[in-house]
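Right, one structure below, let's go through it.
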Amino acid sequence: DGGITQSPKYLFRKEGQNVTLSCEQNLNHDAMYWYRQDPGQGLRLIYYSQIVNDFQKGDIAEGYSVSREKKESFPLTVTSAQKNPTAFYLCASSRNRGAGADEQYFGPGTRLTVT
Amino acid sequence: DQQVKQNSPSLSVQEGRISILNCDYTNSMFDYFLWYKKYPAEGPTFLISISSIKDKNEDGRFTVFLNKSAKHLSLHIVPSQPGDSAVYFCAASRWAGGTSYGKLTFGQGTILTVHP
């Protein structure tokens with residue numbers, strides 16, 4: 001059945017290391033998104049991509065990078081430049097019907113802890 | 001600048017009663033609104049949405065009301081069940097075409113607890 005997978009569920013890294021979070025979807029969605037959630041806060045948009053080989057910065061893109069080489073995959077790299085990388089990271093996807101917004105479907109999330 | 005606000009961090013309701021979750025927005029360009037439900041350590045799941053051309057949308061126990069003049073929307077859950085206990089996020093979007101398409105702006109969330 002279709003869905004979004006994120007791996008791993010928990011990730012631990014030492015400060016100063018880059019780390020890449022995986023996101024794969026088999027919903028045939030054109031658009032994909034990365035959010036982070038911090039305690040007591042809503043979801044904040046990091047990067048999004050409407051089509052393959054194209055992506056845009058969200059509200060908090062500094063210290064992150066992405067690629068969109070395949071429709072199904074949208075990996076997020078948390079670089080050593082990200083000052084507060086410890087957070088819960090959520091990937092989402094949606095159809096791009098060209099007229100109006102559409103609901104986004106979320107993966108289960110990856111909890112990243114950097115020490 | 002918080003464009004979407006959920007001013008109540010938490011709400012506690014008795015099973016069988018109505019739960020009302022509120023959300024305010026400041027950007028008058030928003031024209032599509034959604035509610036998501038989230039359990040701990042999981043991704044949010046879509047609940048219900050409403051377009052700005054409507055003022056009410058109903059789906060089973062869930063009804064969303066939109067008051068455009070007040071820039072306010074609310075989610076009503078009737079009757080509330082213990083399984084509804086979760087964090088509820090409202091989100092808003094504007095269709096501007098081009099690169100702005102599909103972006104959602106989320107509120108901070110409201111923790112709903114339904115007591116048996």
Side-chain angles (χ1 to χ4, degrees), chain A residues 3-10 21 23 25 27 29-51 54-61 87-113, chain B residues 1-10 21 23-25 27 29-54 57 59 64 86-111:
Chain A
I4 302 177
T5 57
Q6 291 184 243
S7 59
K9 190 154 181 73
Y10 299 95
L21 281 60
C23 177
Q25 55 99 359
L27 299 166
H29 286 169
D30 288 305
M32 297 187 74
Y33 312 82
W34 273 105
Y35 296 89
R36 70 175 273 169
Q37 185 191 11
D38 296 282
Q41 296 196 36
L43 282 65
R44 292 184 291 167
L45 182 65
I46 304 172
Y47 265 98
Y48 65 106
S49 167
Q50 291 178 305
I51 57 172
D54 183 62
F55 49 83
Q56 310 292 331
K57 290 183 179 180
D59 301 317
I60 53 165
F88 188 53
Y89 289 87
L90 287 157
C91 178
S93 70
S94 68
R95 291 177 293 175
N96 187 341
R97 292 185 289 183
D102 204 346
E103 59 262 26
Q104 295 178 15
Y105 295 81
F106 285 83
T110 292
R111 166 93 40 203
L112 173 65
T113 303
Chain B
D1 175 31
Q2 191 80 25
Q3 296 188 66
V4 178
K5 295 182 184 179
Q6 293 175 256
N7 292 317
S8 298
S10 62
L21 298 112
C23 180
D24 297 295
Y25 61 96
N27 189 340
M29 297 298 291
F30 286 144
D31 56 12
Y32 188 68
F33 304 89
L34 308 90
W35 283 95
Y36 283 84
K37 174 181 178 179
K38 184 182 180 302
Y39 293 114
E42 292 184 12
T45 54
F46 169 73
L47 265 181
I48 192 168
S49 63
I50 188 167
S51 164
S52 61
I53 62 173
K54 294 185 174 182
N57 189 24
D59 183 1
V64 56
V87 180
Y88 288 78
F89 290 98
C90 67
S93 178
R94 62 181 278 242
W95 183 70
T99 58
S100 295
Y101 176 83
K103 285 180 60 177
L104 293 180
T105 301
F106 284 84
Q108 311 95 305
T110 296
I111 301 170

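In what follows, chains carry the letters A, B, and so on, assigned in the order in which the sequence lines appear, proteins first and then strands, with residues in each chain numbered from 1. The shown structure was predicted, so the numbers you read here are calculated from the model rather than taken from an experiment.
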Q6(A) portion near chain B, given a 4.5 angstrom heavy-atom threshold: neither
Distance in Å, Q41(A) CD paired with F106(B) CZ, rounded so as to fall on 0.5 Å steps: 14.0 Å
Smallest separation among heavy atoms of G43(B) and L90(A), with atom names: CA-CD2, 3.5 Å
Which portion of L45(A) sits near chain B, non-hydrogen atoms under 4.5 angstrom: side chain
Per-residue contact mode, P9(B) against chain A (heavy atom under 4.5 angstrom): neither
Y35(A) vs L104(B) side-chain heavy atoms within contact, under 4.5 Å: yes
Atom pair CD (Q3(B)) and CG (D59(A)), whose distance is rounded to the nearest 0.5 Å: 8.5 Å
Partner set under salt bridge (Lys or Arg N to Asp or Glu O under 4.0 Å) for R111(A), not counting sequence neighbours: none
Stepwise side chain to side chain contact (heavy atoms under 4.5 Å, CB included) check, F106(A) with E42(B): CA-CA 9 Å; F106(A) 285 83; E42(B) 292 184 12; over 6 Å; no
Extract all donor-acceptor atom pairs below 3.5 Å that involve side chains of residues 45-52 of chain B and protein atoms in other chains or at least two apart in sequence.
unit_1: T45(B); atom_1: OG1; unit_2: K37(B); atom_2: O; d: 3.3
unit_1: S49(B); atom_1: OG; unit_2: Y32(B); atom_2: OH; d: 3.0
unit_1: S51(B); atom_1: OG; unit_2: I53(B); atom_2: N; d: 3.4
unit_1: S52(B); atom_1: OG; unit_2: D31(B); atom_2: O; d: 3.4

